[in-house]
K.L.:
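Quick one: structure below, then a few questions.
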Amino acid sequence: MKFTIKSSDKNSNARTGVLQTGHGEIETPIFMPVGTAGAVKAVQIPDLSNDTKAQIILGNTYHLYLRPGLKIIEAAGGLHKFNGWQKPILTDSGGYQVYSLANTRKLTENGVVFRSHIDGSKHEFTPENVMNIQRTIGADIIMAFDECTPYPCEYNYAKNSLGITHRWLDRCIKQFDNTEAKYGHEQMLFPIVQGSTYKDLRLKSAEFIASKNAKGNAIGGLSVGEPHEMMYEMTEIVCGVLPKDKPRYLMGVGTPENILESIALGIDMFDCVMPTRNARHGIIYTSEGIINIKNEKWKNDFSMLDANGTSYVDRQYSKAYVRHLFAANEILGGMITSLHNLAFYLWLVGEAKNKIISGDFSNWKNVMVTKLSSRI
RNA sequence: GGGGAGAUUCCAGAGCGGUCAAAUGGGGCAGACUGUAAAUCUGUUGGCGCAGCCUUCGGAGGUUCGAAUCCUCCUCUCCCCA
(Lines give C-alpha, C1' and ligand atoms only; values in the text may rest on other atoms or scores of the structure.)
Protein backbone atom coordinates (compact mmCIF):
# COMPACT_ATOMS: atom_id res chain seq x y z
CA MET A 1 0.00 0.00 0.00
CA LYS A 2 1.89 3.02 -1.15
CA PHE A 3 1.78 6.09 -3.30
CA THR A 4 4.58 6.87 -5.72
CA ILE A 5 4.97 10.21 -7.48
CA LYS A 6 6.00 9.58 -11.06
CA SER A 7 6.36 13.07 -12.45
CA SER A 8 5.71 16.69 -11.52
CA ASP A 9 4.77 19.72 -13.59
CA LYS A 10 7.30 22.56 -13.60
CA ASN A 11 4.77 25.39 -13.87
CA SER A 12 2.19 24.20 -11.37
CA ASN A 13 1.73 21.77 -8.50
CA ALA A 14 0.31 19.11 -10.79
CA ARG A 15 1.84 15.66 -10.55
CA THR A 16 1.26 12.11 -11.66
CA GLY A 17 1.54 9.06 -9.48
CA VAL A 18 0.55 5.50 -8.78
CA LEU A 19 -1.44 4.41 -5.76
CA GLN A 20 -1.26 0.76 -4.83
CA THR A 21 -4.36 -0.82 -3.32
CA GLY A 22 -5.61 -4.26 -2.43
CA HIS A 23 -7.36 -4.41 -5.82
CA GLY A 24 -4.62 -3.10 -8.04
CA GLU A 25 -2.94 0.15 -8.93
CA ILE A 26 -4.56 3.49 -9.57
CA GLU A 27 -2.80 5.93 -11.85
CA THR A 28 -3.29 9.52 -10.80
CA PRO A 29 -4.66 12.05 -11.42
CA ILE A 30 -7.85 10.06 -11.49
CA PHE A 31 -11.58 10.58 -11.59
CA MET A 32 -13.69 8.10 -9.63
CA PRO A 33 -17.25 7.46 -10.84
CA VAL A 34 -19.81 7.58 -8.05
CA GLY A 35 -21.70 4.38 -7.37
CA THR A 36 -23.57 5.36 -4.23
CA ALA A 37 -25.79 2.33 -3.78
CA GLY A 38 -23.32 -0.17 -5.17
CA ALA A 39 -24.00 0.77 -8.79
CA VAL A 40 -22.81 3.56 -11.04
CA LYS A 41 -26.28 4.55 -12.17
CA ALA A 42 -27.20 3.40 -15.69
CA VAL A 43 -23.76 1.91 -16.40
CA GLN A 44 -22.85 -1.77 -16.43
CA ILE A 45 -19.63 -3.04 -14.90
CA PRO A 46 -18.05 -4.26 -18.20
CA ASP A 47 -18.69 -0.88 -19.84
CA LEU A 48 -17.36 0.92 -16.82
CA SER A 49 -14.24 -1.17 -16.81
CA ASN A 50 -13.51 -1.61 -20.51
CA ASP A 51 -15.02 1.45 -22.12
CA THR A 52 -14.69 4.33 -19.64
CA LYS A 53 -11.37 2.99 -18.28
CA ALA A 54 -12.51 3.71 -14.74
CA GLN A 55 -9.92 2.49 -12.25
CA ILE A 56 -11.83 2.96 -9.01
CA ILE A 57 -15.43 3.70 -8.09
CA LEU A 58 -17.24 4.95 -5.01
CA GLY A 59 -19.84 3.45 -2.76
CA ASN A 60 -21.65 5.08 0.14
CA THR A 61 -21.75 3.94 3.75
CA TYR A 62 -25.14 5.43 4.60
CA HIS A 63 -26.90 4.16 1.51
CA LEU A 64 -25.39 0.67 1.51
CA TYR A 65 -25.99 0.27 5.23
CA LEU A 66 -29.70 1.03 4.73
CA ARG A 67 -30.01 -1.00 1.55
CA PRO A 68 -29.22 -3.84 0.99
CA GLY A 69 -27.81 -3.81 4.55
CA LEU A 70 -24.67 -5.28 6.02
CA LYS A 71 -25.86 -8.85 6.36
CA ILE A 72 -26.32 -9.21 2.64
CA ILE A 73 -23.07 -7.46 1.75
CA GLU A 74 -21.16 -9.62 4.22
CA ALA A 75 -22.88 -12.77 3.00
CA ALA A 76 -21.88 -11.83 -0.55
CA GLY A 77 -18.27 -11.54 0.58
CA GLY A 78 -18.03 -7.76 0.44
CA LEU A 79 -19.09 -5.16 -2.07
CA HIS A 80 -16.56 -6.20 -4.73
CA LYS A 81 -18.07 -9.65 -4.92
CA PHE A 82 -21.61 -8.35 -4.58
CA ASN A 83 -21.51 -5.94 -7.53
CA GLY A 84 -18.79 -7.64 -9.55
CA TRP A 85 -16.39 -4.71 -9.69
CA GLN A 86 -12.96 -6.19 -9.10
CA LYS A 87 -10.94 -2.98 -9.13
CA PRO A 88 -10.56 -0.61 -6.17
CA ILE A 89 -13.55 0.82 -4.35
CA LEU A 90 -13.67 3.87 -2.09
CA THR A 91 -16.56 4.37 0.28
CA ASP A 92 -17.70 7.71 1.52
CA SER A 93 -18.47 7.67 5.21
CA GLY A 94 -21.90 9.28 5.22
CA GLY A 95 -20.37 12.66 6.01
CA TYR A 96 -21.92 14.07 2.86
CA GLN A 97 -25.34 12.86 4.01
CA VAL A 98 -24.84 14.86 7.20
CA TYR A 99 -25.00 17.80 4.79
CA SER A 100 -27.41 16.65 2.08
CA LEU A 101 -29.89 15.04 4.49
CA ALA A 102 -29.64 17.80 7.09
CA ASN A 103 -33.43 17.88 7.45
CA THR A 104 -33.67 14.30 8.63
CA ARG A 105 -30.76 13.96 11.01
CA LYS A 106 -29.54 15.14 14.39
CA LEU A 107 -25.86 15.79 15.03
CA THR A 108 -24.25 15.45 18.47
CA GLU A 109 -20.74 15.03 19.78
CA ASN A 110 -21.24 11.29 19.74
CA GLY A 111 -22.39 11.03 16.14
CA VAL A 112 -25.39 11.54 13.90
CA VAL A 113 -28.83 10.02 14.17
CA PHE A 114 -30.33 9.74 10.71
CA ARG A 115 -33.96 9.23 9.97
CA SER A 116 -33.92 6.80 7.04
CA HIS A 117 -35.08 8.46 3.83
CA ILE A 118 -36.53 5.07 2.88
CA ASP A 119 -38.75 4.17 5.82
CA GLY A 120 -38.20 6.83 8.48
CA SER A 121 -36.49 4.49 10.94
CA LYS A 122 -33.72 5.89 13.18
CA HIS A 123 -30.06 4.89 12.78
CA GLU A 124 -27.11 6.26 14.69
CA PHE A 125 -23.81 6.70 12.90
CA THR A 126 -20.74 7.16 15.05
CA PRO A 127 -17.08 7.27 14.06
CA GLU A 128 -16.76 3.78 15.48
CA ASN A 129 -19.63 2.09 13.69
CA VAL A 130 -18.91 3.97 10.45
CA MET A 131 -15.47 2.31 10.52
CA ASN A 132 -17.09 -1.05 11.21
CA ILE A 133 -19.58 -0.60 8.38
CA GLN A 134 -16.83 0.28 5.94
CA ARG A 135 -14.84 -2.72 7.11
CA THR A 136 -17.85 -4.85 6.28
CA ILE A 137 -18.43 -3.23 2.90
CA GLY A 138 -14.79 -3.98 2.24
CA ALA A 139 -13.75 -0.85 0.35
CA ASP A 140 -10.06 -0.43 -0.40
CA ILE A 141 -10.15 3.18 0.71
CA ILE A 142 -12.48 4.19 3.49
CA MET A 143 -13.25 7.71 4.61
CA ALA A 144 -13.29 9.20 8.07
CA PHE A 145 -16.67 10.24 9.40
CA ASP A 146 -16.98 14.01 9.16
CA GLU A 147 -19.47 16.79 8.85
CA CYS A 148 -19.57 18.36 5.40
CA THR A 149 -20.53 21.91 6.33
CA PRO A 150 -22.94 23.86 4.13
CA TYR A 151 -22.23 27.11 2.32
CA PRO A 152 -22.58 29.75 3.49
CA CYS A 153 -21.56 28.75 7.00
CA GLU A 154 -21.16 31.01 10.05
CA TYR A 155 -17.60 31.13 11.34
CA ASN A 156 -18.52 29.84 14.77
CA TYR A 157 -20.52 26.99 13.33
CA ALA A 158 -17.64 26.04 11.04
CA LYS A 159 -15.18 26.22 13.93
CA ASN A 160 -17.29 24.03 16.23
CA SER A 161 -17.99 21.61 13.41
CA LEU A 162 -14.30 21.37 12.67
CA GLY A 163 -13.65 20.46 16.30
CA ILE A 164 -16.17 17.66 16.06
CA THR A 165 -14.76 16.40 12.76
CA HIS A 166 -11.25 16.35 14.25
CA ARG A 167 -12.34 14.54 17.42
CA TRP A 168 -14.28 12.10 15.28
CA LEU A 169 -11.14 11.52 13.24
CA ASP A 170 -9.21 10.45 16.31
CA ARG A 171 -12.01 8.05 17.17
CA CYS A 172 -12.05 6.76 13.58
CA ILE A 173 -8.31 6.13 13.62
CA LYS A 174 -8.52 4.34 16.94
CA GLN A 175 -11.37 2.13 15.78
CA PHE A 176 -9.71 1.50 12.43
CA ASP A 177 -6.47 0.49 14.13
CA ASN A 178 -8.31 -1.83 16.49
CA THR A 179 -10.17 -3.68 13.76
CA GLU A 180 -9.13 -5.76 10.80
CA ALA A 181 -10.07 -6.08 7.17
CA LYS A 182 -12.64 -8.81 6.61
CA TYR A 183 -11.95 -10.09 3.14
CA GLY A 184 -8.20 -10.55 2.95
CA HIS A 185 -7.28 -7.31 1.23
CA GLU A 186 -5.84 -4.29 2.98
CA GLN A 187 -7.92 -1.16 3.59
CA MET A 188 -6.69 2.37 4.11
CA LEU A 189 -8.32 5.24 5.95
CA PHE A 190 -8.32 8.75 4.53
CA PRO A 191 -8.98 11.65 6.91
CA ILE A 192 -10.84 14.73 5.67
CA VAL A 193 -9.91 18.40 5.95
CA GLN A 194 -12.84 20.70 6.75
CA GLY A 195 -13.04 24.37 7.77
CA SER A 196 -15.63 25.75 5.36
CA THR A 197 -14.37 28.84 3.49
CA TYR A 198 -12.21 30.21 6.33
CA LYS A 199 -8.49 30.28 5.69
CA ASP A 200 -7.44 29.95 9.31
CA LEU A 201 -9.75 26.99 9.88
CA ARG A 202 -8.61 25.28 6.69
CA LEU A 203 -4.99 25.81 7.64
CA LYS A 204 -5.53 24.50 11.14
CA SER A 205 -7.46 21.51 9.82
CA ALA A 206 -4.87 20.69 7.16
CA GLU A 207 -2.12 20.74 9.82
CA PHE A 208 -4.13 18.48 12.09
CA ILE A 209 -4.89 16.05 9.28
CA ALA A 210 -1.28 16.08 8.06
CA SER A 211 -0.11 15.18 11.55
CA LYS A 212 -1.99 11.88 11.36
CA ASN A 213 0.33 10.57 8.66
CA ALA A 214 -2.45 8.76 6.81
CA LYS A 215 -1.97 6.88 3.53
CA GLY A 216 -3.90 9.58 1.74
CA ASN A 217 -5.74 12.77 2.61
CA ALA A 218 -9.01 14.28 1.51
CA ILE A 219 -10.43 17.78 1.29
CA GLY A 220 -14.13 18.00 1.98
CA GLY A 221 -16.72 20.69 2.47
CA LEU A 222 -16.05 22.32 -0.89
CA SER A 223 -18.16 22.46 -4.05
CA VAL A 224 -21.26 23.00 -1.94
CA GLY A 225 -22.27 26.25 -3.61
CA GLU A 226 -19.34 28.57 -2.92
CA PRO A 227 -17.79 30.56 -5.80
CA HIS A 228 -15.16 28.64 -7.76
CA GLU A 229 -12.45 31.11 -6.83
CA MET A 230 -13.12 30.46 -3.16
CA MET A 231 -12.94 26.72 -3.72
CA TYR A 232 -9.59 27.04 -5.52
CA GLU A 233 -8.26 29.34 -2.80
CA MET A 234 -9.13 26.84 -0.06
CA THR A 235 -7.73 23.96 -2.09
CA GLU A 236 -4.47 25.80 -2.64
CA ILE A 237 -4.07 26.64 1.04
CA VAL A 238 -4.73 23.07 2.09
CA CYS A 239 -2.49 21.52 -0.57
CA GLY A 240 0.32 23.69 0.75
CA VAL A 241 0.11 21.86 4.06
CA LEU A 242 -0.91 18.29 3.21
CA PRO A 243 2.08 15.99 2.66
CA LYS A 244 3.31 15.99 -0.93
CA ASP A 245 4.12 12.30 -0.95
CA LYS A 246 0.56 11.21 -0.20
CA PRO A 247 -2.42 11.30 -2.55
CA ARG A 248 -4.77 14.23 -2.18
CA TYR A 249 -8.44 13.67 -2.81
CA LEU A 250 -10.75 16.63 -3.46
CA MET A 251 -14.17 15.31 -2.58
CA GLY A 252 -17.20 15.97 -4.75
CA VAL A 253 -15.40 17.92 -7.49
CA GLY A 254 -16.46 18.69 -10.05
CA THR A 255 -16.91 20.21 -13.49
CA PRO A 256 -14.25 19.36 -16.11
CA GLU A 257 -12.88 22.86 -15.59
CA ASN A 258 -12.79 22.43 -11.79
CA ILE A 259 -10.86 19.21 -12.21
CA LEU A 260 -8.13 20.64 -14.41
CA GLU A 261 -7.73 23.69 -12.17
CA SER A 262 -7.52 21.48 -9.11
CA ILE A 263 -5.00 19.14 -10.69
CA ALA A 264 -2.85 22.23 -11.18
CA LEU A 265 -3.15 22.90 -7.44
CA GLY A 266 -1.87 19.42 -6.60
CA ILE A 267 -5.01 17.28 -6.36
CA ASP A 268 -4.72 13.63 -7.41
CA MET A 269 -8.18 12.17 -6.95
CA PHE A 270 -11.70 13.35 -7.72
CA ASP A 271 -15.23 12.10 -7.57
CA CYS A 272 -18.43 13.79 -8.58
CA VAL A 273 -22.00 12.90 -9.51
CA MET A 274 -22.08 15.48 -12.29
CA PRO A 275 -21.04 13.25 -15.21
CA THR A 276 -23.62 10.62 -14.30
CA ARG A 277 -26.48 12.68 -12.88
CA ASN A 278 -26.25 15.35 -15.55
CA ALA A 279 -25.98 12.64 -18.18
CA ARG A 280 -29.36 11.32 -17.06
CA HIS A 281 -30.62 14.88 -17.41
CA GLY A 282 -29.37 15.21 -20.98
CA ILE A 283 -26.10 17.09 -20.46
CA ILE A 284 -22.99 15.75 -22.14
CA TYR A 285 -19.45 17.02 -21.67
CA THR A 286 -17.10 17.10 -24.63
CA SER A 287 -13.65 18.44 -25.42
CA GLU A 288 -15.38 21.28 -27.32
CA GLY A 289 -17.82 22.22 -24.57
CA ILE A 290 -21.10 21.30 -22.94
CA ILE A 291 -24.08 20.05 -24.93
CA ASN A 292 -27.69 19.80 -23.79
CA ILE A 293 -28.69 16.95 -26.06
CA LYS A 294 -32.38 17.62 -25.33
CA ASN A 295 -32.22 20.98 -27.10
CA GLU A 296 -34.26 21.40 -30.26
CA LYS A 297 -31.17 22.28 -32.30
CA TRP A 298 -30.02 18.64 -32.34
CA LYS A 299 -33.32 17.42 -33.75
CA ASN A 300 -31.97 16.90 -37.26
CA ASP A 301 -28.28 16.59 -36.46
CA PHE A 302 -27.29 13.09 -37.50
CA SER A 303 -23.60 13.57 -36.78
CA MET A 304 -22.04 11.20 -34.26
CA LEU A 305 -22.63 11.99 -30.61
CA ASP A 306 -19.03 13.16 -30.10
CA ALA A 307 -16.61 12.98 -33.01
CA ASN A 308 -13.68 13.33 -30.60
CA GLY A 309 -15.05 10.97 -27.99
CA THR A 310 -13.32 7.81 -26.85
CA SER A 311 -16.38 5.74 -25.99
CA TYR A 312 -17.99 3.38 -28.49
CA VAL A 313 -21.31 5.16 -27.92
CA ASP A 314 -19.82 8.32 -29.42
CA ARG A 315 -19.63 6.69 -32.84
CA GLN A 316 -22.49 4.27 -32.46
CA TYR A 317 -25.22 6.88 -31.97
CA SER A 318 -26.09 10.24 -33.50
CA LYS A 319 -27.05 13.41 -31.66
CA ALA A 320 -30.52 13.35 -33.20
CA TYR A 321 -31.04 9.78 -32.07
CA VAL A 322 -29.96 10.40 -28.49
CA ARG A 323 -32.15 13.50 -28.44
CA HIS A 324 -35.03 11.35 -29.59
CA LEU A 325 -34.35 8.84 -26.81
CA PHE A 326 -34.60 11.60 -24.23
CA ALA A 327 -37.74 13.03 -25.80
CA ALA A 328 -39.30 9.56 -25.80
CA ASN A 329 -38.14 8.97 -22.23
CA GLU A 330 -36.27 5.87 -23.31
CA ILE A 331 -33.93 4.62 -20.59
CA LEU A 332 -31.24 3.97 -23.21
CA GLY A 333 -30.73 7.74 -23.56
CA GLY A 334 -29.40 8.10 -20.02
CA MET A 335 -27.31 4.97 -20.39
CA ILE A 336 -25.60 6.32 -23.51
CA THR A 337 -24.93 9.76 -22.08
CA SER A 338 -23.70 8.32 -18.77
CA LEU A 339 -21.21 6.13 -20.55
CA HIS A 340 -20.13 9.01 -22.73
CA ASN A 341 -19.63 11.41 -19.82
CA LEU A 342 -17.64 8.95 -17.73
CA ALA A 343 -15.45 8.05 -20.70
CA PHE A 344 -14.92 11.77 -21.25
CA TYR A 345 -14.02 12.46 -17.62
CA LEU A 346 -11.59 9.54 -17.60
CA TRP A 347 -10.14 10.70 -20.90
CA LEU A 348 -9.71 14.19 -19.45
CA VAL A 349 -7.74 13.10 -16.39
CA GLY A 350 -5.77 10.63 -18.50
CA GLU A 351 -4.87 13.41 -20.91
CA ALA A 352 -3.91 15.65 -17.98
CA LYS A 353 -1.59 12.89 -16.82
CA ASN A 354 -0.01 12.63 -20.28
CA LYS A 355 0.47 16.39 -20.47
CA ILE A 356 2.10 16.51 -17.04
CA ILE A 357 4.49 13.78 -18.09
CA SER A 358 5.30 15.48 -21.40
CA GLY A 359 5.68 18.88 -19.71
CA ASP A 360 2.83 20.58 -21.57
CA PHE A 361 0.25 20.58 -18.82
CA SER A 362 -0.14 24.26 -17.99
CA ASN A 363 -0.57 25.54 -21.55
CA TRP A 364 -2.88 22.68 -22.44
CA LYS A 365 -4.94 23.27 -19.29
CA ASN A 366 -5.39 26.96 -20.04
CA VAL A 367 -6.61 26.23 -23.55
CA MET A 368 -8.91 23.44 -22.41
CA VAL A 369 -10.51 25.29 -19.53
CA THR A 370 -12.17 27.91 -21.72
CA LYS A 371 -13.39 25.30 -24.19
CA LEU A 372 -14.69 22.91 -21.55
CA SER A 373 -16.97 25.41 -19.88
CA SER A 374 -18.46 26.81 -23.09
CA ARG A 375 -21.95 25.87 -24.16
CA ILE A 376 -22.39 24.34 -27.57
C1' G B 1 -86.66 8.28 -38.80
C1' G B 2 -86.98 9.28 -33.11
C1' G B 3 -84.34 10.79 -28.63
C1' G B 4 -80.00 12.68 -26.10
C1' A B 5 -74.97 14.85 -25.30
C1' G B 6 -71.38 18.10 -26.87
C1' A B 7 -68.03 21.78 -29.63
C1' U B 8 -62.75 25.79 -24.69
C1' U B 9 -56.12 28.28 -25.72
C1' C B 10 -50.88 22.41 -29.38
C1' C B 11 -53.73 17.84 -27.14
C1' A B 12 -56.91 16.03 -23.15
C1' G B 13 -59.99 18.50 -19.97
C1' A B 14 -62.04 22.21 -15.94
C1' G B 15 -64.82 26.61 -15.99
C1' C B 16 -71.00 27.76 -16.53
C1' G B 17 -72.72 36.11 -15.86
C1' G B 18 -67.77 40.02 -13.51
C1' U B 19 -61.90 38.04 -9.34
C1' C B 20 -60.73 34.41 -17.10
C1' A B 21 -55.68 35.13 -21.54
C1' A B 22 -58.98 31.01 -18.94
C1' A B 23 -57.69 25.46 -13.37
C1' U B 24 -55.17 20.72 -13.90
C1' G B 25 -52.59 16.93 -16.78
C1' G B 26 -49.90 15.94 -21.15
C1' G B 27 -46.95 17.74 -25.05
C1' G B 28 -43.47 21.76 -26.57
C1' C B 29 -39.38 25.15 -25.31
C1' A B 30 -35.56 26.39 -21.86
C1' G B 31 -32.83 26.20 -17.21
C1' A B 32 -30.71 23.97 -12.68
C1' C B 33 -27.82 19.96 -10.86
C1' U B 34 -20.45 19.34 -7.81
C1' G B 35 -18.17 13.07 -1.37
C1' U B 36 -26.43 11.04 -5.61
C1' A B 37 -33.45 11.02 -0.99
C1' A B 38 -32.35 13.10 -8.35
C1' A B 39 -34.44 8.55 -15.30
C1' U B 40 -35.17 14.59 -10.58
C1' C B 41 -36.54 19.58 -9.91
C1' U B 42 -37.72 24.64 -11.73
C1' G B 43 -39.45 28.23 -15.20
C1' U B 44 -42.20 29.14 -19.48
C1' U B 45 -46.01 27.94 -23.16
C1' G B 46 -52.07 33.76 -27.72
C1' G B 47 -49.86 38.67 -29.58
C1' C B 48 -47.54 43.42 -28.67
C1' G B 49 -44.23 49.30 -28.39
C1' C B 50 -45.73 44.31 -22.14
C1' A B 51 -47.06 47.39 -13.96
C1' G B 52 -50.89 48.36 -19.96
C1' C B 53 -53.25 47.21 -24.39
C1' C B 54 -55.06 44.00 -28.42
C1' U B 55 -57.26 39.32 -30.42
C1' U B 56 -59.25 34.42 -28.25
C1' C B 57 -63.40 29.69 -25.70
C1' G B 58 -67.32 26.07 -33.43
C1' G B 59 -70.06 30.29 -36.71
C1' A B 60 -73.66 34.42 -37.00
C1' G B 61 -76.88 37.37 -34.36
C1' G B 62 -79.08 38.87 -29.58
C1' U B 63 -79.84 39.88 -23.94
C1' U B 64 -76.72 42.58 -20.28
C1' C B 65 -73.11 48.00 -17.52
C1' G B 66 -70.40 43.24 -18.43
C1' A B 67 -70.69 36.68 -21.87
C1' A B 68 -66.31 31.05 -22.59
C1' U B 69 -70.60 31.17 -19.35
C1' C B 70 -77.80 33.21 -20.82
C1' C B 71 -81.19 33.26 -25.58
C1' U B 72 -82.04 32.32 -31.15
C1' C B 73 -80.53 30.24 -35.63
C1' C B 74 -76.66 27.72 -38.34
C1' U B 75 -72.46 24.16 -38.96
C1' C B 76 -70.11 19.91 -37.21
C1' U B 77 -69.16 15.72 -33.90
C1' C B 78 -70.57 11.70 -30.61
C1' C B 79 -74.15 8.30 -28.08
C1' C B 80 -78.89 5.53 -27.61
C1' C B 81 -83.46 3.56 -29.89
C1' A B 82 -85.65 2.03 -34.68
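Order of the sequence lines fixes the chain letters, A, B, ..., with proteins taken first and strands second; residue numbering starts at 1 for each chain.
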K.L.:
I'd like the P distance from rU24(B) over to rG43(B), given in whole Å.
P.N.:
11 Å
K.L.:
Considering only atom P, compute the distance from rA7(B) to rA12(B) and round it to an integer number of Å.
P.N.:
12 Å
K.L.:
Tell me whether the centres of the aromatic rings in Tyr345(A) and Phe31(A) are closer together than 6.0 Å.
P.N.:
yes
K.L.:
What contact category does Gly254(A) fall into here, base, sugar-phosphate, or nothing, at under 4.0 angstrom with non-hydrogen atoms?
P.N.:
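Since a base atom lies under 4.0 Å of Gly254(A), the category is base.
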K.L.:
What does rA67(B) pair with, Watson-Crick or G-U, if both distances are under 3.5 Å?
P.N.:
none
K.L.:
On a whole-Å scale, what distance lies between the P atoms belonging to rC54(B) and rA21(B)?
P.N.:
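Roughly 12 Å separates the two P atoms.
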K.L.:
If we take the P atom in both rA60(B) and rA51(B), what is their distance in whole Å?
P.N.:
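It works out to 32 Å between them.
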K.L.:
Checking base pairs now: Watson-Crick or wobble, both atom distances under 3.5 Å. What partners rC73(B)?
P.N.:
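For rC73(B), the partner nucleotide comes out as rG59(B), under the 3.5 Å rule.
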K.L.:
When all nucleic acid strands are considered with a 4.0 Å heavy-atom cut-off, which category describes Asn295(A): base, sugar-phosphate, or nothing?
P.N.:
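Answer is sugar-phosphate: Asn295(A) comes under 4.0 Å of backbone atoms only.
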K.L.:
Ile192(A) near the nucleic acid: base, sugar-phosphate alone, or nothing, with a heavy-atom cut-off under 4.0 Å?
P.N.:
base
K.L.:
Earliest and latest nucleotide of RNA chain B, 5' to 3', sitting under 4.0 Å from a non-hydrogen atom of chain A?
P.N.:
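The footprint of chain A covers rC29(B) to rU40(B).
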K.L.:
Are Arg105(A) and Tyr99(A) in a cation-pi setup, meaning NZ or CZ lies under 6.0 angstrom from the ring centre and within 45 degrees of the ring axis?
P.N.:
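No cation-pi geometry.
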K.L.:
Pick the C1' atom in rG17(B) and in rC70(B), then give their distance to the nearest Å.
P.N.:
8 Å
K.L.:
When both hydrogen-bonding distances must be under 3.5 Å and the geometry is Watson-Crick or G-U wobble, what is rA38(B) paired with, if anything?
P.N.:
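Base partner found: none.
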K.L.:
Please classify the nucleic acid contact of Gln194(A) as base, sugar-phosphate, or nothing, using heavy-atom distances under 4.0 Å.
P.N.:
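Base contact.
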K.L.:
Looking only at side chains, do Gln134(A) and Thr91(A) share a donor and an acceptor under 3.5 Å apart?
P.N.:
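Per modelled atom types, Gln134(A) and Thr91(A) side chains form a pair under 3.5 Å.
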K.L.:
What is the nucleic acid contact for Gly221(A), judged by heavy atoms within less than 4.0 Å: base, sugar-phosphate only, or nothing?
P.N.:
base
K.L.:
Have a look at Tyr155(A) and tell me which of Asn160(A), Thr197(A), Asp200(A) forms a side-chain hydrogen bond (donor to acceptor under 3.5 Å, both in side chains) with it.
P.N.:
Asp200(A)
K.L.:
Give the cluster check for Trp364(A) versus Leu372(A): same hydrophobic cluster or not, with ILVMFWY residues linked at side-chain heavy-atom distances below 4.5 Å.
P.N.:
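Per the 4.5 Å side-chain linkage, Trp364(A) and Leu372(A) are co-clustered.
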K.L.:
Would His23(A) and Tyr183(A) count as a close aromatic pair, with their ring centres under 6.0 Å?
P.N.:
no
K.L.:
Considering Watson-Crick and G-U wobble pairs with both distances under 3.5 Å, what does rA21(B) pair with?
P.N.:
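Per the H-bond distance test, none.
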K.L.:
Specify the residues of residues 259-280 of chain A, ordered by number, for which at least one heavy atom lies under 4.0 angstrom from an atom of RNA chain B.
P.N.:
Asp271(A), Cys272(A), Val273(A), Met274(A), Thr276(A), Arg277(A), Asn278(A), Arg280(A)
K.L.:
Is the terminal nitrogen or CZ of Lys212(A) (NZ for Lys, CZ for Arg) located under 6.0 angstrom from the six-membered ring centre of Phe208(A) and within 45° of that ring's axis?
P.N.:
yes
K.L.:
Who is the Watson-Crick or G-U wobble partner of rC78(B), with both distances under 3.5 Å?
P.N.:
rG4(B)
K.L.:
Heavy-atom nearest nucleotide on RNA chain B for Arg375(A) versus Leu90(A): which residue maps closer to 5'?
P.N.:
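Final value for this comparison: Arg375(A).
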K.L.:
Suppose you measure atom C1' in rU9(B) against the same atom in rG58(B); what distance do you get, rounded to whole Å?
P.N.:
14 Å
K.L.:
Name the pairing partner of rC29(B), where a pair is Watson-Crick or G-U wobble with both distances under 3.5 Å, or state none.
P.N.:
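Across any shown strand, rC29(B) pairs with rG43(B).
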K.L.:
Between Asn363(A) and Asp360(A), is there a donor-acceptor pair closer than 3.5 Å when you use the side chain of the first and the backbone of the second?
P.N.:
no
K.L.:
Would you say the side-chain atoms of Asn217(A) pair up with the backbone N or O of Lys246(A), donor to acceptor, closer than 3.5 Å?
P.N.:
no
K.L.:
Taking atom C1' in both rG25(B) and rG15(B), what distance in whole Å separates the two?
P.N.:
16 Å
K.L.:
Quick check on side-chain contact (heavy atoms from CB on, under 4.5 Å): which of Leu79(A), Ile137(A), Thr136(A) does Glu74(A) satisfy it with?
P.N.:
Thr136(A)
K.L.:
Near RNA chain B, under 4.0 Å by heavy atom, which residues of residues 96-106 of chain A?
P.N.:
Tyr96(A), Gln97(A), Ser100(A), Leu101(A), Thr104(A)
K.L.:
Could you give me the CA-CA distance, side-chain angles and deciding distance for Met274(A) and Ile259(A), then say whether side-chain contact (heavy atoms from CB on, under 4.5 Å) is met?
P.N.:
CA-CA 12 Å; Met274(A) 287 189 106; Ile259(A) 287 175; over 6 Å; no
K.L.:
Answer yes or no: is there a donor N or O on one side and an acceptor on the other, between the side chain of Arg135(A) and the main chain of Phe176(A), under 3.5 Å?
P.N.:
yes
K.L.:
Heavy atoms under 4.0 Å, any strand shown: does Asn60(A) hit a base, just sugar-phosphate, or nothing?
P.N.:
sugar-phosphate
K.L.:
Mind checking the P distance from rC76(B) to rU42(B)? Whole angstroms is fine.
P.N.:
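After rounding to an integer number of Å, I get 46 Å for this pair.
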K.L.:
When you measure from the side chain of Ser49(A) to the backbone N and O of Ile45(A), does any donor-acceptor pair fall under 3.5 Å?
P.N.:
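Not at all, since once roles are kept as given, no pair shorter than 3.5 Å links the two residues.
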